[in-house]
Participant: 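Following this message is one structure expressed as structure tokens.
Protein chains get the first letters and strands the later ones, always in sequence-line order, with residue 1 at the start of each. Being a predicted model, the structure only gives us computed values, none of them experimental.
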Protein chains: 2
Amino acid sequence: MKKTTIKDVASHAGVSAAAVSYVLNGKAHKVSEDTIQKIHDSVKALNYIPNISARGLAKNTSELVSIIIPQTESRKQLMLENPFYAEIISAIEAVVRDYGYHAILAGVDEGVSYLDISVSRNLDGAIIMGVYPERLYEECKKVNIPIVLIDSYIHDETFANVGIDDEHGGYLATSHLIAKGHRNIALVTGTIRRDGVVEKRFLGYKRALQENGLFYHPDYVFEDSVSYEHGRVTGRLIAERHPDITAVFATADMVAFGLIRGIHEAGKRVPDDLSVIGFDDISMAHMFLPPLTTVKQQISYKGETAARLLMEQIVGERPRRGAEVPRILIPLELVERDTVRLLNG
Amino acid sequence: MKKTTIKDVASHAGVSAAAVSYVLNGKAHKVSEDTIQKIHDSVKALNYIPNISARGLAKNTSELVSIIIPQTESRKQLMLENPFYAEIISAIEAVVRDYGYHAILAGVDEGVSYLDISVSRNLDGAIIMGVYPERLYEECKKVNIPIVLIDSYIHDETFANVGIDDEHGGYLATSHLIAKGHRNIALVTGTIRRDGVVEKRFLGYKRALQENGLFYHPDYVFEDSVSYEHGRVTGRLIAERHPDITAVFATADMVAFGLIRGIHEAGKRVPDDLSVIGFDDISMAHMFLPPLTTVKQQISYKGETAARLLMEQIVGERPRRGAEVPRILIPLELVERDTVRLLNG
DNA sequence: TTGTAAGCGTTATCAT
DNA sequence: ATGATAACGCTTACAA
């Protein structure tokens, strides 16, 4: 079936295409009540649906935003298996849809420039999670569309940013352990890269130690990938070879799950023999057994906030010239569950 | 900066826009080697990136496919928190990207017709997961684009379909329990709707019972939502009030996690007091404690298969007229872990 | 208040 | 082999 176009509507209503366009775009101030009515009737009658490509061509828009998330290294898949990203994406998609826009999922392949997809698709905005080679950000500046970064410590006034106070989070977790009487506290984490979120958490860990008069012990930090497997191996290791350690702070819940598993495999128990605290509070954290004590970041809210920020820039009247490039911090909260015990001693 | 268009390239290369278009679309059979070279040079030099909207307008395509997944009822978010969907989407996105297309995430809101977004965006195809009101499928038939359904038992030759043999899966799980010596086996599940996947699993459950000379016991089926909470409540219930039941088959891993939690809360242990088997083998299943015995479906492979099927229909030469509408079944496999015990006696 | 017409960037038809 | 040129469906000056 041939699709109905704006012209069909126009002739059906006995007006010009321009009139139809005006009405449909709220620029009806120049159209009489009468024709407005006729047009609406015709739209209904013909079941007219505007063609976004055509509109985009004329207006240089797409009503599309892209969500960029990291890919797994091995297979080239999106890291949606990490529940953290999945949660945040649902939140983003929901608000984007609310605005009548759509979100495209975009893995950034090694070779191809993000710029390409952005200009070829005429994207109206983008949300970027994770950290990427400098190149990407440079490209982003070139395409002049609103962009909001999630969890980035990039020092750049160009991009809006929503994140959490990771240093504070690390501090919170470690302080909690200390308050429970622990003094030999390990840190299990993904790669600590300069200006990355885990570096900040690491810094918070050290500050908590220091403020409580505890020594920072470099061999208490086990740095590798942020993965279940790393946690598992390290859990076994700690349980078997580090009898002095009584608690461990994992910089991600997934790692904490692995830790607990590894500790069990070594024949010890959580929290009886070893306490574990996580970070993120992904929804699995409260389902896990034992339920995980962790630093809760409001993942959905974070995604929602980022998306709103983006959409406001896109549809907003405000010229967004230089002005305020917001950097929003979502509050953190420690949630106590069953993986940390009180050390009496 | 003004974007470079095909005309810019054309004049830079000293040829017509048509020639450029030919070359860029592989229809170069009518162009001399010489100009081909010149055009490629100009493309490089000017950093030309085609405008997909314009192409779409001319060719009536979009190089876009939509992934439709169910939404949570409460908040109107995508069910990405269900790791099952997250996994499958990563897989789909990867192959779609491989084809140079993009995937848009689409929640289907109550009010709005899916048709709208499909025609307004000129979608080239769609993958639909979950089951929807009949209306949606009718709409899909109207827009004449390739569509592949995942896990649907819709009786309709119009749509390609990839799924699993759910009946067999239910049979597999239940048989395993029986083989381990269990005779009073509960079923904990989401709503059993006609022609839904859980109905099939339920049927498999009954067949296994029957083939082994066991009675089907209606009050052993606990039907509600497919959620952790339902599992948890039911776990408590079974542990406290049904001493006769020794094993339970959960039709989704998430439910199984809840069950195990509930059982623990009732002061019993898995698998010592009660055995639990799940379904899906989401990646969390092997991370859980205790690691979950479950029926594994190859989630990624399923998504990949669906996506390939779709993309082949889209880019394929074959007229896809009536012909073969494939219904692909991904093999199932039981994976034994630690939540089912051998019942001696 | 309404209509005309010129783009927007491609593709495709048809001459040349 | 190559180039005009007319679509494609919509928006938006500009006229009327």
Participant: What does nucleotides 6-12 of chain C look like as a protein-contact string, B for base, S for sugar-phosphate only, - for none, at under 4.0 angstrom between heavy atoms?
Facilitator: -BBBBSB
Participant: Any side-chain heavy-atom pair from B:Glu63 and A:Arg121 closer than 4.5 angstrom?
Facilitator: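 The answer is yes; the side chains approach within 4.5 Å.
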Participant: OP1 or OP2 of C:dT2 sitting under 4.0 Å from any side-chain N/O of A:Thr35?
Facilitator: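 Checking A:Thr35 against C:dT2: at least one side-chain N or O falls below 4.0 Å of OP1 or OP2.
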Participant: Is there a donor in the side chain of A:Ser152 and an acceptor in the side chain of A:Tyr137, or the other way round, less than 3.5 Å apart?
Facilitator: no
Participant: Look at atom NZ of A:Lys141 and say whether more than 12 heavy atoms of other residues, nucleotides or ligands are closer to it than 6.0 Å.
Facilitator: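 Yes.
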Participant: Compare all side-chain heavy atoms of B:Tyr132 with those of B:Pro70 and state whether any distance is below 4.5 angstrom.
Facilitator: yes
Participant: Is the shortest heavy-atom distance from the side chain of B:Thr4 to the side chain of B:His12 under 4.5 Å?
Facilitator: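 No; the side chains remain at least 4.5 Å from each other.
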